[in-house]
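Chain naming here is simple, since letters A, B, ... match the order of the sequence lines and numbering starts at 1 in each.
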10 protein chains.
Amino acid sequence: MLFHVRMDVRIPHDLDPQARIDLVSREKAYSQELQRAGKWPQIWRIAGEYSNFSVFDVESNDELHELISALPLFPYMDIHVTPLARHPSDVK
Amino acid sequence: MLFHVRMDVRIPHDLDPQARIDLVSREKAYSQELQRAGKWPQIWRIAGEYSNFSVFDVESNDELHELISALPLFPYMDIHVTPLARHPSDVK
Amino acid sequence: MLFHVRMDVRIPHDLDPQARIDLVSREKAYSQELQRAGKWPQIWRIAGEYSNFSVFDVESNDELHELISALPLFPYMDIHVTPLARHPSDVK
Amino acid sequence: MLFHVRMDVRIPHDLDPQARIDLVSREKAYSQELQRAGKWPQIWRIAGEYSNFSVFDVESNDELHELISALPLFPYMDIHVTPLARHPSDVK
Amino acid sequence: MLFHVRMDVRIPHDLDPQARIDLVSREKAYSQELQRAGKWPQIWRIAGEYSNFSVFDVESNDELHELISALPLFPYMDIHVTPLARHPSDVK
Amino acid sequence: MLFHVRMDVRIPHDLDPQARIDLVSREKAYSQELQRAGKWPQIWRIAGEYSNFSVFDVESNDELHELISALPLFPYMDIHVTPLARHPSDVK
Amino acid sequence: MLFHVRMDVRIPHDLDPQARIDLVSREKAYSQELQRAGKWPQIWRIAGEYSNFSVFDVESNDELHELISALPLFPYMDIHVTPLARHPSDVK
Amino acid sequence: MLFHVRMDVRIPHDLDPQARIDLVSREKAYSQELQRAGKWPQIWRIAGEYSNFSVFDVESNDELHELISALPLFPYMDIHVTPLARHPSDVK
Amino acid sequence: MLFHVRMDVRIPHDLDPQARIDLVSREKAYSQELQRAGKWPQIWRIAGEYSNFSVFDVESNDELHELISALPLFPYMDIHVTPLARHPSDVK
Amino acid sequence: MLFHVRMDVRIPHDLDPQARIDLVSREKAYSQELQRAGKWPQIWRIAGEYSNFSVFDVESNDELHELISALPLFPYMDIHVTPLARHPSDVK
């Protein structure tokens, strides 16, 4: 089941620099782990912004929330989820 | 080059019923033609709305506008385009 | 799987009065059928508005869209869906 | 009498970590006490966000405000209340 | 129990002129009947707009919705309700 | 002459706790003094929020601004004023 | 007493052309009458829009509403009023 | 003196088709005349929308309004003007 | 050439108190100097807010930006400029 | 390929003053380097704001994001990108 997710990163400017580096590095590792597991099949940078559009593929809303709220950057992101359905014109 | 597109369909309620059927049918055919040509690789229905999130894959902004403005429903949609870049965490 | 849905009814004022009566009557019958089937467990009127907050209980985003887009008033409503997850403080 | 409540948690990032843990723990205890008392019959996590949709069941607007403003996280939440009425299509 | 209500009147310009006159006249009679019954204790014109701020005094959300949805102009107004509680600084 | 005022209190979380207590206490005293003088005839808490809807009764816009800008919490509130006129349906 | 007023003209495109001409011509005459009476001391066109910023000078909110609601274009304008006070830096 | 202008075209769907063709054709001719006169040095289509971003080069706000309000599509566009100043980093 | 300017003052609450007093005092002196020079012919307080509506009279957009960006409070204000043109109904 | 970019600078008021000076100076040097390379053909100050409208000329969305995200002020700006296409009325 697919969900469209927009994430806008808002790390406070006065966060400890090393804490920031650790956060961003753990975020990347976690994201790639989910991608490799097939849970996060699409991720694009929104050109010009510190933001992404993503597609998640999960079993349920609960699994979706569990995965997203475990993001290291979760406390520093504005996130909005949109549930996706099959489009009647989709040829796939 | 990828672009994220949101389309919200707003067909006026007093449009001639046959004209509406024709429009929607031509829209579907045109969309599927672009999908098969690889220009419109993703299309999802936004659950609960007469709207879609799509991804287009084109050579340029000009080609993107040419394809979208040729949509039979173009005069009856609110459309918003977001340019996409490669995300540094993308494993693909 | 639960989804929160807001529906705002916007029937055009120049719709044929009998068509309006039919629509509203079919909407009620369909809504009650879904409620009795356990698909639409909660529906509340937003006080002072021609709008409702509802909770749907479905198997998937696809089933959700199928049910909502079959609403007789679907062409005359603004609808927004929010996926719900279990809250960690929920005692149920 | 039912009220729909949306709560968005915005704990400042520079709050003392122990103070945060205490707040969140007291919030949970207080919420569960109100749920068990029948005052807060529904609480859902909004998938992907540090937010909830809730339904309160109270005697009056005054009781509603008294309960909500006593939330330990009250100073750190954006809250919006919508009064609910019985929907004419409700089968319950 | 008090509720704050904002009403913005949006009568379609192509409504039959006599129908409009009847509507507005019935609206005034109904409003004054509720005012005299103590249900609608305050009504002010928002200066420069075809809008009002009102205070309703009712037993419940259900009664509030019943009274508002019976307004002759209800189909032609944007309405927003805010529940009011006693303010701790109120000297009355 | 009546004015509708909405006040949303936004006290910074890192304000000195004693300064906050003093501010809120002086705010209450000042508000009650204006209420007793007939300048601030109505004040309601917006249920669920740290906000109020008020009605001021003053001689002029200048007097209104003088009274509001002297509020101890003035630097920590978002305030919006709407001028009120007599409503033609008002029975008072 | 001064009020800042923004008016955005939205004449429906299907209004009878002669009715439109009459409206606009009566609007101009009425506006100029109020200007000459000192009630409407300032009127500017917002460059590029069918809109104006104005300043009214009236005795009360009631007089302001009376003057504005008598505008021939009143039913076809979005209007927003802001009460003005003397600025402490004003040298006049 | 440069001004940034956004124009969003909203031609009503029930406008006479020949009237629409005439409007669009006159709009193009007028736009090109202003471009050739150096008054409208830049015009870009916003990809995916029936909208443009433009730059006008005029002597004054009055000349700007005169040119824009004479656009054949002026009654059917939402227009927003932003005055531009020289940027201190501009190398030209 | 006239421009309408709205300024909303947002001085951070943790700014050094003496720095704040100096800023506000220099702002007043600078504003009055521009008023006396005829560059800032109108300034009004927005009743109830720490904001003003102003009219500037300058030779060009560049001069406007130069004057506004030199305001001592410029780093602590939200500012929005609207170019004004002569209104065809203006009797002056 | 052209892109329209709006940048709003929001440097935190408590940033170290020397760090701010360095940032702004490096921003200017970098911007001018891109301008001279033909990548950033247009930059205008939005009159009255610490903001700019710019036009970038790049090979791809990826190149655009690479250039913008390397801006020294990138962490302190709100940025919005709009892809531009050739306008059918453009005479160039």
Query - Neighbourhood of chain C inside residues 47-58 of chain B, taking heavy atoms under 4.5 Å as contact - result: B:A47, B:G48, B:E49, B:Y50
Query raised in the report: chain C contacts: which residues in residues 65-82 of chain B have a non-hydrogen atom closer than 4.5 Å to it?
Result: none
Query raised in the report: Can you list every salt bridge (charged side-chain N to carboxylate O under 4.0 Å, His left out) pair that touches residues 79-92 of chain C, not counting sequence neighbours?
Result: none
Query - Those residues of residues 5-40 of chain B, ordered by number, that approach chain C below 4.5 Å (heavy atom to heavy atom) - result: B:H13
